[in-house]
Colleague: 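Sharing a structure here in structure tokens format.
Chain A is the first sequence line, chain B the second, and so forth, proteins listed ahead of strands; every chain is numbered from 1. Bear in mind the structure is a predicted one, so any value in this text is a computation, not a measurement.
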Amino acid sequence: MSSFTSSSDSGHGTNPVEAVLALFRSSWLSIAFCVFLILAGGAWYRYQRPREFSRNLADTIITEQLFRAASIEDFDILIMADSSALMGIDAVALSQLSGRRAESLCTVGTIGPRGFAEILNSLSSHYRNIPVIIVMFSGFSLNIPAETFAGIPEEQKIISGTYTRPLSFVRGARSKLFEDFFKKCTFIPSPGVYGIYYGDSHSVRSFISASHGSLIEPDMKLTKAFAGPDFYRYEISHEIESKMYYLRDALKNFDTENVFLGISPFPEMFGDEETYRTRDKTLQKLSEILDIDADHIITLPPSMDDNLFSTFSHMNKQGRDRFTVMLNEFLVEKDAFHSN
Amino acid sequence: MSFDSSIFIVFFAAFFVVYHLCFKSFRAQNMLILIGSYVFYGWWDWKLLWLIITCTAANYIAGMMLSRQARPAVRKTIVATCAAISLGILGVFKYFNFFAAGLEACLNTLGINAGLPTLRLILPIGISFYTFQSLAYTIDIYRGRIEPERNPVTFFAFIAFFPQLVAGPIERASRLLPQFNRPRTVSEPGMREAIWMICWGFFLKTVVSDTLSIYSDYAFSESASSGMLTIAGVIAFSIQIYCDFHSYSIIARGTARMLGFELIWNFNQPYFAVSLQDFWRRWHISLSTWLRDYLYISLGGNRRGRARTYINLLLTMLLGGLWHGAAWNFVFWGLLHGVALAVERFFRESRTGKSKMPSILSWAATMILVATGWFFFRCDSWSMITAMAGSLLNLSWDPFAAECLLGTLAVALPVAALEIWTYRAGSQLAPAKLNRFWFAVATGLVMIFVFITFNRSYNEFIYFQF
């Protein structure tokens, strides 16, 4: 039988100097090697910045659209909206249908109107002469309460310039080494169905770039469980209304009279009288806040067949194709391309 | 706090210095370990500290009472009471709702409408580990294998020792307690081994396990339709769970070594196993030996005939499955291993002559069985099991699954390479025995990969939930 209890507390362990020295002697060369790699990575990052990697889809979309806003020019139609139009309007198809080059700078609703304004300001700093600008919202984006903005950092990140500012030396090294060592060895898909449809975040960015700023919502079966009808009441939350003025000021930087305002369609299953009624009232209110002529409100059907949607606010590819055709017909009817 | 959190790095750096400052008294160091361990555990939820204190106190008192009691009947009562308290806490917090729901379902099937109550309890982290460790101590005293520890600080520190508190290894008193009762020393070679274990542990967690979790999360879905993705996901999860748990065990071993303690190896290259029995000698060794010594042998082991041996194996693995959690997927997993171990034993005992399956075939068969077990282990609903099993009928080419499979192979490659090397070298610590330059290159590279992947996606260690 073994006994544990020691009768005395005699005998010394390793004193702290010896312990720290043993730790130092065993690790200093490894740490030096690691620091050398970090320094090399940091310097390499300064020399050649990689396209920032994030698994977060919203971050990927915003980063790419900010990159595009700072560089695109010579186009005729700008689509500025949340993800409902990012997935709901095909800028390439609109270009083909209208014979004018269309570019989308749509992102996600959680950057709010102030985030939209930041993107527009980036664009207007180098390109102002856009004949047609289309501004759209989904019902969901208009209802975002203050606590959601507090909980989702995209708006703050876009205002503070986090998406565009170069990383610090160490973070830059981390990013560069991740891209050039790790990311090339393995596959890190975007989350959910986007990963299966697009692959990794670089594929998402490449798709956005090649599609004039548009994306396709991967097909999913739409069920009512996705959202309650409350999302489609369209009342503008106080938080969103207070930020609309940033967007109004940003729109004034462009040399155009043809700013069109719309609300993205929603699946018919969510439609009721109250929804349709509040939608019209909200459009009127938005046109007043943004100082857009009431005649420039996009009067397309407020709802579309459920089969044309993947989620409660995102159309599927078929829905996107149909809505893009309808939008082009509306613009032609309004003589948008000749009156400017 | 978790090993892969920034706060733990700060905590351990401070603890390391203060601990070695108390080098003149190992009892002072024990007190420090006790305080540090409760801070470490309380960081998650200090309100759960009373559970570990109660469990430890019950076993401490039982140990002391057993040492003063010679009458077998009384000794049996003491150990039974202590087991009831320890397992009672575990049962209420971990299994009450599971069994209540199961009983209610049975009664409903019989037409009895029994509205049994459910408890709204959170599962205390590490409860299965410290309950088993403390219970083993009391049973060992009862069996006369060890003497009780009289110093309460030492005993409480032994149960709460933070490197192995929340996810093992489940240490035996006969191994670990003596280390609390003597001065602990650290040397440069020991420190090299500790550094390697910690670095490699973090690599397994942040580089391998967290990356593989992305693929397995895709594959384990109730709407699974691609057989290729199911296969890729099961392979990814099989490697993920090994790397995740092994990583915790070796970080625990490394941190303990930096404090002068020697913990057991919890894994010994389990995926080199050529039979299921071999697998269980290599996988979660501290649990499998616990189940063998305190459950299988208590049930009679192989001493009561062949039929009883198979039943004992089945029961042991069933309870081993249930130890992982109160859910049917763990029961299925345990049952599968129990049946397979019994069948394997039957064929081994019935085999005549020297006919033996070639190693490569028995390895492949073992791995298929183990991976099938992980499939049940990871599926958390019946609809997921049926959807994924059904997807195997569709084995058409799936580029996404192919990318996941390639990604799995890419991150598993360094692990496989190291396992082969250490297997051939006969020591899991072979990298720590490299010369100074190559050791620096190996650990430096491992550190840099940890640096670039650390905190990219926060996934808790899988075994925390058990």
Colleague: Which atoms of Ser221(B) come close to chain A, meaning under 4.5 Å heavy atom to heavy atom: side chain ones, backbone ones, both, or neither?
Modeller: neither
Colleague: Atom CD1 in Ile196(A), atom CD in Glu403(B): separation rounded to 0.5 Å?
Modeller: 12.0 Å
Colleague: By a 4.5 Å heavy-atom criterion (distance strictly below it), what part of Phe451(B) contacts chain A: side chain, backbone, both, or neither?
Modeller: both
Colleague: Taking side chain as everything from C-beta outward and backbone as N, CA, C, O, which of these in Leu413(B) sits under 4.5 Å from a heavy atom of chain A? Side chain, backbone, both or neither.
Modeller: neither
Colleague: Do you know which of Gln179(B), Arg184(B), Gln29(B) has the most heavy-atom pairs under 4.5 Å to chain A?
Modeller: Arg184(B)
Colleague: Take atom CE of Met64(B) as the centre, draw a 6.0 Å sphere, and report whether it contains more than 12 heavy atoms from other residues, nucleotides or ligands.
Modeller: yes
Colleague: Please report the closest heavy-atom contact between Cys34(A) and Gly444(B), naming both atoms and the distance.
Modeller: SG-O, 4.1 Å
Colleague: What distance separates Leu212(B) CG from Thr186(A) OG1, expressed to the nearest 0.5 Å?
Modeller: 7.5 Å
Colleague: How many angstroms lie between atom SG of Cys185(A) and atom CG of Leu406(B), to the nearest 0.5 angstrom?
Modeller: 12.0 Å
Colleague: Let me know if Arg192(B) has heavy atoms under 4.5 Å from chain A in its side chain, its backbone, both or neither.
Modeller: both
Colleague: Under the side chain to side chain contact (heavy atoms under 4.5 Å, CB included) rule, what do Phe439(B) and Leu29(A) come out as? Steps first, then yes or no, please.
Modeller: CA-CA 9 Å; Phe439(B) 176 74; Leu29(A) 203 54; over 6 Å; no
Colleague: In terms of heavy-atom proximity below 4.5 Å to chain A, should Cys404(B) be classed as side chain, backbone, both, or neither?
Modeller: both
Colleague: Under 4.5 Å from any heavy atom of chain A, what part of Val18(B) do you find: side chain, backbone, both or neither?
Modeller: neither
Colleague: Does the side chain of Thr443(B) come within less than 4.5 Å of Ser27(A)'s, by heavy atoms?
Modeller: no
Colleague: Assign the ring pair Tyr215(B) / Phe187(A) to parallel, tilted or perpendicular, where the plane angle (0 to 90°) is split at 30° and 60°.
Modeller: parallel
Colleague: Please enumerate all residues that pass salt bridge (charged side-chain N to carboxylate O under 4.0 Å, His left out) together with Asp180(A), with sequence neighbours excluded.
Modeller: Lys176(A), Lys184(A)
Colleague: Please round to the nearest 0.5 Å and tell me the distance separating atom CD1 of Ile195(B) and atom CG of Leu23(A).
Modeller: 5.0 Å
Colleague: First locate atom OG1 of Thr453(B), then atom CZ of Phe181(A), and finally report the distance between them rounded to the nearest 0.5 Å.
Modeller: 13.0 Å
Colleague: Looking only at heavy atoms, what is the nearest atom pair of Phe23(B) and Pro16(A), with distance?
Modeller: CD2-CD, 3.4 Å
Colleague: To the nearest 0.5 Å, what is the distance between CD1 on Ile448(B) and CZ on Arg174(A)?
Modeller: 11.0 Å
Colleague: What pair of heavy atoms forms the shortest contact from Ile452(B) to Phe178(A), and how long is it?
Modeller: O-CD1, 3.5 Å
Colleague: Given heavy-atom pairs under 4.5 angstrom as the criterion, report whether the side chain, backbone, both or neither of Val411(B) touches chain A.
Modeller: side chain
Colleague: Side chain, backbone, both or neither: which part of Ile38(A) has a heavy atom under 4.5 Å from chain B?
Modeller: both
Colleague: Taking all non-hydrogen atoms of both residues, which atom of Ala19(A) and which atom of Met191(B) are closest, and how far apart?
Modeller: O-CE, 3.6 Å
Colleague: Give, as side chain, backbone, both or neither, the part of Val35(A) having an atom under 4.5 angstrom from any heavy atom of chain B.
Modeller: neither
Colleague: With chain B, which of Phe36(A), Phe182(A), Phe24(A) has the greatest number of heavy-atom pairs at distances under 4.5 Å?
Modeller: Phe182(A)
Colleague: Would you say that more than 12 heavy atoms from the other residues, nucleotides or ligands in this model lie under 6.0 Å from the CZ of Arg171(A), or not?
Modeller: no
Colleague: Please report the C-alpha distance between Met447(B) and Ile31(A) in whole Å, then the side-chain angles of each, then the deciding distance to 0.1 Å, and finally whether the side chain to side chain contact (heavy atoms under 4.5 Å, CB included) criterion is met.
Modeller: CA-CA 8 Å; Met447(B) 277 185 204; Ile31(A) 291 169; 4.3 Å; yes
Colleague: Give, as side chain, backbone, both or neither, the part of Thr185(B) having an atom under 4.5 angstrom from any heavy atom of chain A.
Modeller: both
Colleague: Can you name the salt bridge (charged side-chain N to carboxylate O under 4.0 Å, His left out) partners of Glu188(B), sequence neighbours left out?
Modeller: Arg25(A), Arg436(B)
